[in-house]
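Take a look at the structure set out below.
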Amino acid sequence: MTTTSSNVTCIEGERRSLLAIKHKITDRFNHLSTWSGVECCEWRGVGCDTRNGHVVKLDLRSPVSLEYQKRLEGKLSPCLQNLKHLRYLDLSMNDFSGKIPEFLGSFESLEYLNLSGSGFSEGVVPHHLGNLSKLQVLDIRSIFIMNSGETVWTLQAPIVDDLRWVSSLSSLRYLDLSGIAISDHTDWFHPLNLLPSLLTLNLASSLYMIHKTPSLKSENFTSLNSLDLSMNDINSTIPLWLSNLTSLMHLNLHDNNFHGKIPDFIGMLSPLASIDLASNVFEILMPDLLCNLSSLVHLDLSYNKFYGAVPSNLGLLSRLEYLNLGYNKLSGNIPMVSNLVRLDLSSTLPEWFESILSDILYLDLSNNQIGGKMPLVHFDTSDQRLYETSLKMNSNKFEGTIAAFPSNVNLLDLSDNLLSGELPQTDGSTNLNLNVVNLSKNRFTGNIPIDLCRVRGIQVLNLSQNKLSGRLPECLGNMSSLESMDLSNNTITGLVPSSLGSLTGLVTLHLHNNILEGNLPLSLQHLTRLCGPPLSRSCKGDNSSYEHVSKVEAQNDDEEFWLYAGMGAGFVFGFVGLLGSLHFIRRWRVAYFEMLEKFYTSILVNLACLWRTCVS
């Protein structure tokens, strides 16, 4: 039992050890600001035993896990080993340097050790960790998968040159070595097979130097309920030893080179709730044995070469919520699955599609060749499992008209299709929660509906590259949340309404290639976040208007051609010069890619923080 209460007196020797640890650490954001005074049991991240006051928990995990600037840096002091009674140690998501310290194997009572993303990137994982006989959780991963698998973030990490030490961890229940390269001569299977209590084994992007798994049958893996072998380029059939994992609930084999038949024993692993076989090279009929798995919630077979008809008994999977069959060669009708929340396809829509749309909260059919009539979509948001409802059907061949805007949808993207007719009116009877509306690159005609101005939550409105006509509605100025509006490449006429000057949050505004007339209204001077043609406020300090732009438009076309031609040549020579410098000058190369990694990480963090802010 641990506590941070003042009822427990801090042991002086352990307090001094904690201060020595702090002294070696660079703490730019004062995460350890509470580490002062005599009662170390009250310090942030420190937990003490309620009976004897010994420090049994030390949690130094960075509060913002993906932001380099807010991490602890420096070296880990050897004084840490003076905290001999530690049961819980978390050093994850920091920027410590050097190797994983060997003295971490000296904590006889340690049950939890998390070194994931800790910054230790040199050498090998120390064999001394095999001395932690009471350890139940060991997390050393250096790869992090976010946004439902769309983003993979990888850090530098040590390698594993031997795994025999793992077999000594008889109490281990959770092991994550994702992103930790296991060298090609290492026997990884047999040591792990000697762990009778292991429940979770994650080896994503760890076996890519080996490219294979043993074909023998396992005897001790019976307790395993979650296995991740993804992103390893394993080139084999599905291994026989999986047949003994009778308690398996989650199986992730995506992004490998598995091929051949899906073995019959997969259909007999009745506890399976999640199977991911995406991005392999299966070139067979879609197996109906998967339809025997009544507990299945998540099934991903995308990016393979499955062909033939979808098994009719797929509809028996009453618990299935996620189904992805995209980028295969399947044909025929897809049986109705009643509880789907997310559906990804790359073919024609099934006959029952519209009947289940009210139960789906996220639908992405983009970038396929799906044709036919656009289905009528109205999402039911009574189920709050997802915070944002999205409808992405862009870049297909849907045709016909839109009868109404879909209700309860936050993000609507129907761009790059063959849709036509007038944009639908909104009579106020439907629940429109639209934040993003992208209907560009279609064949819509008629006026911009005035009722669209009533949807005050729209932040992005893109109606460009259609055949819209008529005048810009004065009420567009009432859309106070607008940050981006693109109405370019239509046949809109008349004056630019002065009400647009009320859109003070506008960051981008595109009205070019229409038949607008007159000068820009003076009210646009209030749009302080905009500059440049065709606005009167130019980024270069000159003045312009629509009248001026129309006179020089033909001249600008020729000038822009040579401008872009010169830019293209300059880019080629500059890019080749950059690559040459990076190739021959190692110091530049290291600095360049470190800069890219930090920039990319910063973007991810800002998006994550924005998402959490919006959710809260």
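Positions are given from 1 along the sequence.
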Would Ser420 and Lys467 count as a side-chain contact (heavy atoms from CB on, under 4.5 Å) if you check the C-alpha gap in whole Å, the side-chain angles of each, and the deciding distance to 0.1 Å? CA-CA 9 Å; Ser420 58; Lys467 299 179 181 180; over 6 Å; no
Are there over 12 heavy-atom neighbours, none belonging to Ile450, within less than 6.0 Å of that residue's CD1?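 For Ile450, atom CD1 is not crowded (no more than 12 foreign heavy atoms under 6.0 Å).
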Whether over 12 other heavy atoms sit under 6.0 Å from Tyr303 OH: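 No.
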Would you name the heavy atoms of Asn324 and Asp300 that are closest together and state the gap between them?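 Where Asn324 meets Asp300 most closely, the heavy atoms are CB-OD1, 3.4 Å.
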Output yes when a side-chain donor or acceptor of [X] lies under 3.5 Å from a complementary backbone atom of [Y], and no otherwise.
| X | Y | answer |
| --- | --- | --- |
| Asn435 | Ile458 | no |
| Asp486 | Leu511 | no |
| Ser279 | His254 | no |
| Asn304 | Leu277 | yes |
| Arg529 | Leu506 | no |
| Asn417 | Phe398 | yes |

Taking distance alone, no hydrogens or angles, what donor-acceptor pairs closer than 3.5 Å link side-chain atoms of residues 281-296 to residues at least two apart or in another chain?
unit_1	atom_1	unit_2	atom_2	d
Asn292	ND2	Leu289	O	3.4
Ser295	OG	Ser270	O	3.4

Are side-chain N/O atoms of Thr508 and Ser484 paired as donor and acceptor at under 3.5 Å?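 Judged by distance alone, the side chains do pair up.
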Regarding Asn514 and Asn490, do their side chains bring together a donor and an acceptor under 3.5 Å, going by distance alone?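 No, no side-chain donor-acceptor contact under 3.5 Å.
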side-chain contact (heavy atoms from CB on, under 4.5 Å) between Leu468 and Phe444, intermediate numbers included: CA-CA 6 Å; Leu468 299 174; Phe444 291 113; 4.0 Å; yes
